[in-house]
Amino acid sequence: MRVQTTGVLPLTVTDNADLGAQWKAYQSAPPVVRVIDQKLERMLEPNVPVRIAAVWHGSADGKVAEWSLDRRPNGFLVSTGKHQYTIQFDASGNAGVKMVASRSVSPRKTAVEVKRTLPAAPARVAWTQNVKGDNEPAHLTRVVPLKNQATLAVGAAKGKAGRVLLLDAATGKEKAAFDVAGPVNDLVAVEINGRESLVLACRDGHVRAVSLKGEPIWDVKIEFYRLFPDLWKVRLADLDNDGQPEIIIGCDNWRTYAFDRNGKELWRYEVIHPVRALEIADIDGNGKPDVLVGTGYMWATVLNEKGEKSWGGRFGFGCRAINAVRNGKGRTCNVLIGIDSGLLTFHNDRGTELARFFTGDEIFMIEPAAEVNGSQDAFVASYNGFIYRFSADGKRLWSKALSAPALVVRGLPDGGCVAGAEDGTVYRFDKNGKCLSVNEFDGSITDLLPQNGAVRVVTSKGVAAAVAL
């Protein structure tokens, strides 16, 4: 069940000492009631005791979701369209949530019916390319530019194998394509032995370096440890300040690795549980890169350039989003960590928590905004269907509802952003949150690449496209 409030009405709910004291009896139940100045979205799970202060569903633009709340003796029946829950109050006014149906359930008609309307006209689509798999469209995973900016490298999964395509950035025309043994989850372009090459993070436990023609350069099989070593993330970082980047890999086997460009392992660190987020930033301003890692379970960790832990710990289930933004205080950065419950926390470069915000559902991506006077805001994509903009110290500047869960967000040079949703919709917002364009594609948006006056789009159903900015 999703509990939401919306800025349509001037609703404010605040914590109080009595309510806080009562929550001590429910150590496993995080409070639903918090200070609400405009929006709060939060998930309630079966068999978790809660106290409900307000239930409201919708968004600031008037969208009404298909769910219903019906009165029952000592409680309510909630139908979401996919599930039914009962909320039963006891004599003390506490409530328990119980799932009573998990099949498709048709909610009753709401009093208000709203047709879907897009908040802006579509931008011009410069080109579209449909990538085939074996028996169905390929699942495109990542798009990166090559050094000359005229060519795009796109990674894909097609069944148990992978594929890499090189596309003309201006026209979308396929320049080259080759298959690899494992599905490609992520890729980067890097110079190896004087030639531009690609490093692929593959779902079969291999990290592969290949030429732009698909010729093998080196191949490292990651060992089994804790779990099968599917590779999910790859990033570049100049760890030794020699002007040439090293390769950082995030793996399902609980480890993060650093390799040189010849495939030699430099270090490894057990971050505890499978890696789901991996970013590079100099957070303490010492001129050396830090490696920010979030895992699929509880942990987020900051490593220095030597692979040594600077700080980290348990932040909650599913640390799938982590990133850093300049805070305007010299060269240091604040670190943002997002987890599956929707909790977003803000930390200084030493790990001290500065602020927190609940979106109510999984945080999928955190992306820095364009830098202004040594400071950056952050864009946040949440599965609750909202895109947020925060200051570096945790102030919510604006939030905008999309038509479906938000999966990808990328900053633009003009201070705005582009965002991609699960239903294949791509939005462009200016720096103040005004929606400038909306385009629709087939498949969930898996990556966005703003580049040279256009945003390149890839989807889970084999669509690659370029949309004019």
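Along the sequence shown, residues carry numbers from 1.
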task = Could you go through the side-chain contact (heavy atoms from CB on, under 4.5 Å) check for Arg255 and Glu223 one step at a time?
result = CA-CA 10 Å; Arg255 288 173 172 166; Glu223 72 280 3; 2.5 Å; yes
task = Go through the steps to decide whether Arg142 and Asp447 satisfy the test salt bridge (Lys or Arg N to Asp or Glu O under 4.0 Å), and finish with yes or no.
result = CA-CA 6 Å; Arg142 189 90 157 101; Asp447 199 14; 3.1 Å; yes
key: Stepwise side-chain contact (heavy atoms from CB on, under 4.5 Å) check, Val154 with Val164   = CA-CA 6 Å; Val154 177; Val164 176; over 6 Å; no
task = Begin with the C-alpha distance, continue with both residues' side-chain angles, and end with the deciding distance and a verdict on side-chain contact (heavy atoms from CB on, under 4.5 Å) for Val302 and Lys309.
result = CA-CA 6 Å; Val302 176; Lys309 181 179 177 180; over 6 Å; no
message = Is there a side-chain contact (heavy atoms from CB on, under 4.5 Å) between Gln244 and Val190? Walk through the geometry before answering.
response = CA-CA 9 Å; Gln244 298 294 329; Val190 61; over 6 Å; no
task = Verify salt bridge (Lys or Arg N to Asp or Glu O under 4.0 Å) between Lys431 and Asp377, making sure each step is shown before the conclusion.
result = CA-CA 10 Å; Lys431 63 182 180 180; Asp377 295 334; over 6 Å; no
request  = Go through Arg276 and Asp252 one step at a time and tell me if the salt bridge (Lys or Arg N to Asp or Glu O under 4.0 Å) criterion holds.
outcome  = CA-CA 8 Å; Arg276 288 295 176 268; Asp252 254 5; 2.8 Å; yes
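For the side-chain contact (heavy atoms from CB on, under 4.5 Å) with Ile366, the lone residue among Val409, Leu344, Ile322, Val325 that qualifies is Leu344.
Classification of Glu246 and Arg235 as a salt-bridged pair fails, no side-chain N sitting under 4.0 Å from a carboxylate O. Salt-bridge annotation for Glu371 and Arg326: present, with a side-chain N of the basic residue lying under 4.0 Å from a carboxylate O of the acidic one. A salt bridge links Arg428 with Asp414; the closest basic N to acidic carboxylate O contact falls under 4.0 Å. A salt bridge links Lys158 to Asp179: one of the charged nitrogens lies within less than 4.0 Å of a carboxylate oxygen. Asp284 has no carboxylate O lying under 4.0 Å from a charged side-chain N of Arg331, or vice versa, which leaves the two without a salt bridge.
Side chains of Asp168 and Thr151: a donor-acceptor N/O pair is absent below 3.5 angstrom, by distance only. With hydrogens and angles left out, the side-chain atoms of Arg226 and Asn253 include no donor and acceptor closer than 3.5 Å. Checked by atom type, the side-chain pair Asn348/Asn334 shows no donor-acceptor distance below 3.5 Å. Under 3.5 Å, the side chains of Ser391 and Asp393 contain a donor-acceptor pair of N or O atoms. With hydrogens and angles left out, the side-chain atoms of Gln129 and Glu174 include no donor and acceptor closer than 3.5 Å. No side-chain donor from either of Trp232 and Asp186 sits under 3.5 Å from a side-chain acceptor of the other. Tyr269 and Glu308 form no side-chain donor-acceptor contact under 3.5 Å, judged by distance and modelled atom types alone. No hydrogens or angles considered: a donor-acceptor pair under 3.5 Å links the side chains of Ser403 and Tyr427.
Heavy-atom contacts from other residues, nucleotides or ligands closer than 6.0 Å to CG of Asn373 number 12 or fewer. Around atom NZ of Lys461, no more than 12 heavy atoms belonging to other residues, nucleotides or ligands sit under 6.0 Å away. Residue Lys395 places its NZ atom among 12 or fewer non-hydrogen atoms of other residues, nucleotides or ligands, all under 6.0 Å distant. Atom CZ of Phe317 is surrounded by 12 or fewer heavy atoms from other residues, nucleotides or ligands within 6.0 Å. Around NZ of Lys434, the count of heavy atoms belonging to other residues, nucleotides or ligands within 6.0 Å does not exceed 12.
Judged by distance alone, the side chain of Ser382 and the main-chain N or O of Phe386 form no donor-acceptor pair under 3.5 Å. A distance-only check finds a donor-acceptor pair linking the side chain of Thr459 to the backbone of Asp442 [under 3.5 Å]. Using modelled atom types, no side-chain atom of Glu422 and backbone atom of Ser444 make a donor-acceptor pair closer than 3.5 Å. In this structure, the side chain of Glu362 does not engage the main chain of Ser341 through any donor-acceptor pair within 3.5 Å. A side-chain donor-acceptor contact under 3.5 Å links Arg456 to the backbone of Ala169. Asp290 places a side-chain N or O within 3.5 Å of a backbone atom of Ile283 that can act as its donor or acceptor partner.
The minimum heavy-atom distance between Thr446 and Leu140, with the atom names listed, is OG1-O, 2.7 Å. Across all their heavy atoms, Leu278 and Ile248 have their closest contact at CD2-O, 3.8 Å. Smallest separation of non-hydrogen atoms from Pro413 and Ala370: O-CB, 3.8 Å. Closest heavy-atom contact between Gly243 and Asp238: N-OD2, 2.9 Å. Shortest non-hydrogen contact noted between Val207 and Leu231 is CB-CD2, 3.5 Å. Considering all non-hydrogen atoms of both residues, Trp218 and Ile192 come closest at NE1-CD1, 4.0 Å.
Residues His347 and Phe315 bring their aromatic ring centres within 6.0 Å. Ring centroids of Phe379 and Phe429 are separated by 6.0 Å or more, keeping the two rings apart.
Side chains of Val188 and Leu198 form no contact here, defined as non-hydrogen atoms less than 4.5 Å apart. The shortest distance between side-chain heavy atoms of Val220 and Phe259 falls below 4.5 Å. Looking at Val335 and Trp311, their side chains come closer than 4.5 Å, going by heavy atoms from C-beta outward.
Annotation: cation-pi pair Arg320/Phe364 present, NZ/CZ under 6.0 Å from the ring centroid and within 45° of its normal.
Leu227 CG to Trp254 CH2: the interatomic distance, rounded to the nearest 0.5 Å, is 7.0 Å.
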